[in-house]
Novice: 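My questions all concern the structure below.
These figures come from a predicted structure and were not determined experimentally. Hydrogens, waters and symmetry mates play no part in the numbers below; they use all other heavy atoms, side chains included.
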Amino acid sequence: MDDSRVGGLTPATRTRSGVRTATLLCAAAALAVGAAVPTAVPASAQQTPRAVMDPNPVVVVDCFSKGQVRPREYLLACGDGNNRLIRLRWDSWGRRTATATGIDMVNDCTPYCAAGRFRPYPVKVTLNSPRSWPDHPDVQRYTRMRVLYTDTAPSPVPKDVTYKLDY
C-alpha cells in the first residue's frame with residue numbers, strides 16, 4: 001500500500017483541491033464584505049434623483065402628425081424638406097414652454113433647390129402656446145415655434161421668426 005495516498009488522493013491532487021477550495025472561500029468572503037460595507041463614492045459620481053417625468057407631456061407635432069417630446073431633429077419645410085432643425089439640445093420642456101439650441105440646415109437653392117447646398121445656421125428654439133391637439137384631445141401640443149438665429153440668418157429670413165405649428 002502507498003502511504004502517500006490519503007483518502008484515495010495523491011499529494012498533488014490534495015494540493016489542487018485545497019487551493020481551489022481556498023480560492024472559492026476567499027472569493028465568497030470578498031463578495032460578502034463588498035456587499036456589507038458601503039464604498040465611498042466621490043460626490044461628482046453620485047447620482048442625484050432624476051426629476052419626475054411628466055406622464056402627459058406637451059408634445060410638438062411634426063409634418064407626419066406624430067407627437068414628439070424633445071426631438072433631436074425637426075423638419076420645418078414639410079413640402080420639400082429644404083429646411084430642418086438638427087442637433088437640438090433641449091434646456092427645458094415644460095407645460096408652457098420648451099427651449100433648445102441647435103442648427104437650422106437650410107438649402108440655399110442656388111442655382112435651384114435640387115442643385116443647392118445645405119448651409120448651417122446656429123439657432124435658439126422656443127416652443128410655446130400649448131393647446132389641445134384636435135387629433136388627440138387629451139394631449140396638449142405646442143402651437144408656436146420661435147427660431148432665433150444667433151449669428152446670421154439665411155437670406156431673406158429675418159433673424160427672429162415665429163412659425164405657427166398647424167400640423
Side-chain angles (χ1 to χ4, degrees), residues 27-28 30-167:
L31 286 173
V33 168
V37 177
T39 58
V41 177
S44 62
Q46 291 179 359
Q47 291 186 351
T48 57
R50 297 184 106 194
V52 176
M53 295 299 291
D54 186 346
N56 300 307
V58 179
V59 300
V60 61
V61 180
D62 66 15
C63 295
F64 308 103
S65 295
K66 181 180 176 194
Q68 297 185 41
V69 177
R70 296 179 182 260
R72 297 272 299 139
E73 295 187 357
Y74 189 85
L75 186 61
L76 289 172
C78 294
D80 58 15
N82 283 319
N83 191 348
R84 169 186 297 269
L85 298 172
I86 64 168
R87 290 190 232 151
L88 291 172
R89 283 188 232 134
W90 295 95
D91 301 314
S92 67
W93 193 278
R95 301 295 302 155
R96 295 184 184 273
T97 63
T99 59
T101 56
I103 305 291
D104 187 8
M105 293 298 291
V106 180
N107 189 344
D108 64 12
C109 291
T110 303
Y112 51 92
C113 291
R117 291 184 46 199
F118 281 86
R119 310 247 182 221
Y121 297 89
V123 293
K124 287 187 179 183
V125 176
T126 303
L127 300 173
N128 58 31
S129 299
R131 301 283 182 267
S132 182
W133 184 6
D135 292 350
H136 303 278
D138 57 328
V139 176
Q140 293 283 300
R141 67 181 173 108
Y142 293 112
T143 61
R144 300 232 182 260
M145 176 186 289
R146 177 183 180 208
V147 177
L148 176 66
Y149 294 91
T150 57
D151 192 9
T152 59
S155 180
V157 177
K159 200 164 180 169
D160 189 351
V161 72
T162 299
Y163 296 98
K164 186 175 179 184
L165 303 177
D166 288 327
Y167 319 119

Novice: May I ask you to check whether over 12 heavy atoms, not counting those of R96, lie within 6.0 Å of atom CZ?
Specialist: no
Novice: Check the pair M145, L85 against side chain to side chain contact (heavy atoms under 4.5 Å, CB included), reporting the backbone distance first and the verdict last.
Specialist: CA-CA 12 Å; M145 176 186 289; L85 298 172; 3.8 Å; yes
Novice: Please find the pair of heavy atoms, one from A153 and one from P158, that lie closest to each other, and give the distance.
Specialist: CB-O, 3.8 Å
Novice: Is a side-chain donor or acceptor of R87 paired with a backbone partner of E73 at a separation under 3.5 angstrom?
Specialist: no
Novice: Closer than 3.5 angstrom, by distance alone: can the side chain of W90 be matched with the main-chain N or O of R72 as a donor-acceptor pair?
Specialist: no
Novice: Taking the side chain as everything from C-beta on, heavy atoms only, tell me whether V139 gets closer than 4.5 Å to N56.
Specialist: no
Novice: Please name the residue in the list T143, T97, V58 that meets the side-chain contact (heavy atoms from CB on, under 4.5 Å) test with P130.
Specialist: V58
Novice: Is any side-chain heavy atom of N83 closer than 4.5 Å to a side-chain heavy atom of N107?
Specialist: no
Novice: Taking atom CG of L76 and atom CG of D62, what is their separation to the nearest 0.5 Å?
Specialist: 11.5 Å
Novice: So which atom in V69 and which in P57 form the shortest heavy-atom distance, rounded to 0.1 Å?
Specialist: CG2-CG, 3.7 Å
Novice: Closest approach of Y74 and V61, non-hydrogen atoms and distance?
Specialist: OH-O, 2.7 Å
Novice: If you round to the nearest 0.5 Å, how far is CZ of R141 from OG of S129?
Specialist: 10.5 Å
Novice: Any chance you could lay out the side chain to side chain donor-acceptor pair (under 3.5 Å) test for S92 and T99, step after step, and finish with the verdict?
Specialist: CA-CA 5 Å; S92 67; T99 59; 2.9 Å; yes
Novice: Would you check if V123 and I103 make a side-chain contact, meaning some heavy-atom pair closer than 4.5 Å?
Specialist: no
Novice: Looking at CZ of R144 and CG of N128, how far apart are the two atoms once the value is rounded to the nearest 0.5 Å?
Specialist: 8.0 Å
Novice: If you count every heavy atom of other residues, nucleotides or ligands that lies below 6.0 Å from R119 atom CZ, does the total exceed 12?
Specialist: yes
Novice: Checking K159 side chain against D151 main chain: does a donor-acceptor pair fall under 3.5 Å?
Specialist: yes
Novice: Under a 3.5 Å threshold, yes or no: a donor from one side chain and an acceptor from the other, between D104 and Y149?
Specialist: yes
Novice: Would you name the heavy atoms of W93 and V60 that are closest together and state the gap between them?
Specialist: CH2-CG1, 3.9 Å
Novice: Could you tell me if the side chain of H136 sits less than 4.5 Å from the side chain of D138, heavy atoms only?
Specialist: yes
Novice: Give the minimum heavy-atom separation between A115 and P111, together with the two atoms involved.
Specialist: CB-CD, 3.9 Å
Novice: Taking all heavy atoms of S132 and all of P137, pick out the closest pair and write down the distance.
Specialist: OG-O, 2.9 Å
Novice: Using a 3.5 Å distance criterion without hydrogens, assess whether the side chain of Y163 forms a donor-acceptor pair with backbone atoms of V147.
Specialist: no
Novice: Just do the side chain to side chain contact (heavy atoms under 4.5 Å, CB included) check on V125 and L88 with the steps written out, would you?
Specialist: CA-CA 9 Å; V125 176; L88 291 172; 4.1 Å; yes
Novice: Can you tell me how far apart CZ (R84) and SG (C78) are? Round to the nearest 0.5 Å.
Specialist: 10.0 Å
Novice: How far apart are the C-alpha atoms of Y142 and W133, what are their side-chain angles, what is the distance that settles it, and do they pass the side chain to side chain contact (heavy atoms under 4.5 Å, CB included) test?
Specialist: CA-CA 9 Å; Y142 293 112; W133 184 6; over 6 Å; no
Novice: Could you tell me whether the side chain of T162 and the main chain of R146 form a donor-acceptor pair under 3.5 Å?
Specialist: no
Novice: Applying side chain to side chain contact (heavy atoms under 4.5 Å, CB included) to N82 and F118, what does each step give before you reach the verdict?
Specialist: CA-CA 8 Å; N82 283 319; F118 281 86; 3.8 Å; yes
